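Notes for the one structure printed next.
Note that ligands are numbered from 1 as they come in the structure, with each ligand's atoms numbered from 1 the same way. No hydrogens, no waters, no symmetry mates; every other heavy atom, side chains included, goes into these values. Please read all numbers here as calculations on a predicted model, not as lab measurements.
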Amino acid sequence: MLVRRFRQEPGTADLRRFAPVVEAVLRERAAFRALDDEALTGRARRTARPDLADDGDLAGWLAVASEVARRRLGMEPFEVQLLAAVSMLRGRVVDMETGEGKTLVGFLVAAGLAVTGRRVHVLSANDYLAGRDAQAGSPLFTAFGLSCAAVVDGMDHADRRAAYRSDVVYATVHQVGFDLLRDRQRFEDAQRLVPDLDAAVIDEIDAVLLDDAMVPLVIAGDGEPRPEEASLAAVVAAMTAGVDYEVDGERRNVSFNEAGIAALEEHLGVDDLYAEDHVGLLTAAHVALHAHALMECDVHYIVAEGQVRLVNDARGRVADRQRWPDGLHAAIERKEGLEVTAPAEVLDQMLVETVARGYRVITGMSGTALDASERLAEDLDLRTGAIPTNRPGIRVDEPDRLYLTAERRDAAAADRVRAAHAAGQPVLIGTASVADSERFAVLLADRGVEAVVLNAKNDAAEAGIIARAGEHAAVTVSTQMAGRGVDIRLAPGAVAAGGLLVLGLGRYDSARLDHQLRGRAGRQGDPGRSVYYTSLDDDVVTEHLVINMDPRTVDADGRVRDKRFRRIYEHAQRVAEGKLLQLHRTTRRYHTATDQHRRLLLDTRERLLTDPAALEDHLAHVWTAGSDQPHRWTRPARRRLATEVALYHLDRAWTRHLQVLAEVREGIHLRVLGRQDPLEEFNLIATDDFRALARAAAAATRHTLDAASEHATTLADLGLRRPSSTWTYMVADNPFGSEADRFFEYIGQALRGSQPPAISYT
Ligand code: ADP
């Protein structure tokens, strides 16, 4: 029964080899049924620290865990769930369809890793799920004497610290990343939040390691005002389109023309703004121009309570804890005449992927892990296998219905929804953005269908709504993000009406995301159906292909029957996937050198915090041999201040280094176009600047300590100021593309003109 689809593809694993262990669990667990609760708990406690590398011990432990789950959670793991747990405990990633019970598998795997003495983080898709699962799993964990906690927004330092000391911690990868960033800023070792990363069980592993991998997590502090940027912004604000700058047709790019550059040069009193020395100013001017000419209030952002808040179309109307890359945010605040929030200074940052790579052991699960297997193998050396469904799946996936225009597509889709609704069938409509969801809901209302629209604003509220999406005749419109990880159960009447109909409006940029949406229907052997309504106006087509031909056969309602166009549509999606992958790789390459540098710096930092001998070593590099200063500053009464000064200047130097890198990255296309490999150029600059950083930090430390009075006991006494507050955020997708994206555009334009690849089939 455990023998099912095994696709021999790169990165896949055949999980059939674990079937004997599962059979052993099934045999053994029957015997535990007879034990009373006390005896079972005794048994669970006694298996503490089993050797799960041994198949026999693993089967024995899982048999106990299985019986504990039956009694304490009211769920006895299915055979397929045991197979998933064994596979994951053996380091494989598993592909399990939606609704097959990944949560329970996560409990078994987390407990299995924790009983062998590992510290386990279960990385959830959002805070709501982390809290929910930590609570739901705790009866099982406590039976094994394991502690369990969730780390979510709103917890203070002490609570977080305590939570991280649990054997099993539920959190999002963002929470962990932000806390790691906070740890790196600490001045006392005792402040540390996150113990060494050890084992990670990643829910929706492809979402974390592929979709969100390149999202930068940032910690910022209030920095010094930058008056020159404000005055540049004022000059740019007075500029006129067509006179000082040009906006391209799609309003995605804007550039100064000669008059604009001349005005800037006059204002700044420089001869040539494109000279190497002025890259910083030129970049700031470009950023101000973006804000001035392309960013629109109430489209890209709103102003509320004196603050600029981002509108993130794909995920929700107002995005919390998100800022644009720094200069752009301030530029918009200036444009709106708001107080420029303490010009944030990026103290440090890390990519989501870097957080994940910090774990010694990674395993994970997802409904679409197989679609990602090749990349999981390539990027993280993980092998992925398929878990069969508990009951045979009977969902019907209809072929796409392609229309000439988005309007025709939506009209046909809305008619389909009305018909399904009239027959009592629940329908879940997946859209690309909140705006699309709302537009579609209006079409439905025109047809007399009342729909619930989700906007990804509040995970807990959405969980409640999506959980009811399987009720008789329910109609729910949602973006891909909304209500993740929540089970949609069918109400009795809905089963008779054919189960849930999932209707996608336009395909996403990756087939994997389409597959995720389809997975909402037909869970656990339920009836269900999925279909995508697509059009030649869909972003996935227009952004990636130019089609120089007309379909041969089109129905009166605009439906395209020409088979070639289905292939073209799929081709567009593959082009999109390829571009994303390329972008991903480029971003990673831009971060590799910096990550190495950061590790070097953090090593020094950690040693200063934890190793009593480190200060002596450090100060030996600060003064030349023969100076008596190191001796003076390593005396017991002075050590603490000397350490703080050393840390302070290392941190300052790193912050400055990150600023330089950001400027170089922003400006790299301006510098290197037509010269050499931009990445190589970037790495050269980064490495040079990093070498200079160590020297600069040492010199500054020397300077401060040489000038210090005998009475100084704090940094403030020495005139040094640490950020008075810090905050964390994710860098939102820049509405004009990431740095790498823009960089590609420039290079692409130079190499082959600015058109996307044209396609013509004849
Ligand atoms: P997934 O995350 O894989 O989509 P969930 O973990 O949300 O699935 O589980 C889907 C539903 O199945 C939940 O309602 C859960 O309580 C139920 N379930 C999972 N495993 C079992 C089991 N072994 N016995 C009974 N119910 C189960």
Side-chain angles (χ1 to χ4, degrees), residues 1-2 22 25-26 29 33 62-63 65-88 93-111 122-126 128-140 170 172 201-208 363-370 384-391 393 395 428 459-460 462-464 466-471 480-491 495 499-500 502 515-526 528 530:
M1 114 135 233
L2 293 179
V22 173
V25 179
L26 296 177
R29 78 175 175 189
R33 282 249 180 163
L62 268 173
S66 181
E67 180 60 15
V68 171
R70 190 181 71 82
R71 290 191 200 183
R72 295 206 163 191
L73 306 179
M75 291 185 281
E76 181 168 53
F78 304 128
E79 196 173 340
V80 289
Q81 288 174 314
L82 293 171
L83 178 67
V86 173
S87 306
M88 289 171 72
V93 169
V94 302
D95 183 292
M96 269 179 102
E97 307 247 325
T98 311
E100 287 293 299
K102 286 184 279 294
T103 316
L104 177 58
V105 172
F107 296 155
L108 296 174
V109 175
V122 184
L123 301 180
S124 313
N126 58 45
Y128 162 74
L129 293 174
R132 184 196 72 177
D133 292 349
Q135 198 172 15
S138 95
L140 180 105
Y170 278 81
T172 63
V201 179
I202 311 183
D203 197 6
E204 297 193 19
I205 188 165
D206 49 331
V208 172
T363 178
M365 50 206 171
S366 163
T368 45
L370 267 189
T384 305
I387 302 293
T389 52
N390 187 44
R391 287 200 236 134
R395 184 183 75 215
L428 176 68
D459 291 325
E462 304 216 319
I466 207 101
R468 291 194 300 276
E471 287 177 4
Q480 201 251 340
M481 295 294 295
R484 275 160 85 163
V486 177
D487 201 24
I488 303 181
R489 291 177 192 233
L490 290 182
V495 177
L500 184 67
V502 163
H515 187 170
Q516 253 169 38
L517 180 68
R518 285 192 203 275
R520 292 287 195 164
R523 62 180 272 291
Q524 292 184 10
D526 282 344
S530 79

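Not a single side-chain contact (heavy atoms from CB on, under 4.5 Å) links S138 to another residue, sequence neighbours left out.
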- Assess whether side chain to side chain contact (heavy atoms under 4.5 Å, CB included) is satisfied between M96 and V105, documenting all intermediate values. CA-CA 10 Å; M96 269 179 102; V105 172; 4.0 Å; yes
- Evaluate side chain to side chain donor-acceptor pair (under 3.5 Å) for T389 paired with E100, printing each intermediate quantity in order. CA-CA 7 Å; T389 52; E100 287 293 299; 5.1 Å; no
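Under a 4.0 Å N-O distance rule, the pair K102/E97 does not qualify as a salt bridge.
R29 CZ to L82 CG: the interatomic distance, rounded to the nearest 0.5 Å, is 5.5 Å.
At a 4.0 Å heavy-atom cut-off, the residues surrounding ligand 1 are M75, E76, P77, F78, Q81, E97, T98, G99, E100, G101, K102, T103, L104, D487, R489, R523, Q524, listed by chain and number.
Inter-residue side-chain proximity for M75 and L104 is flagged as met; some heavy-atom pair is nearer than 4.5 Å.
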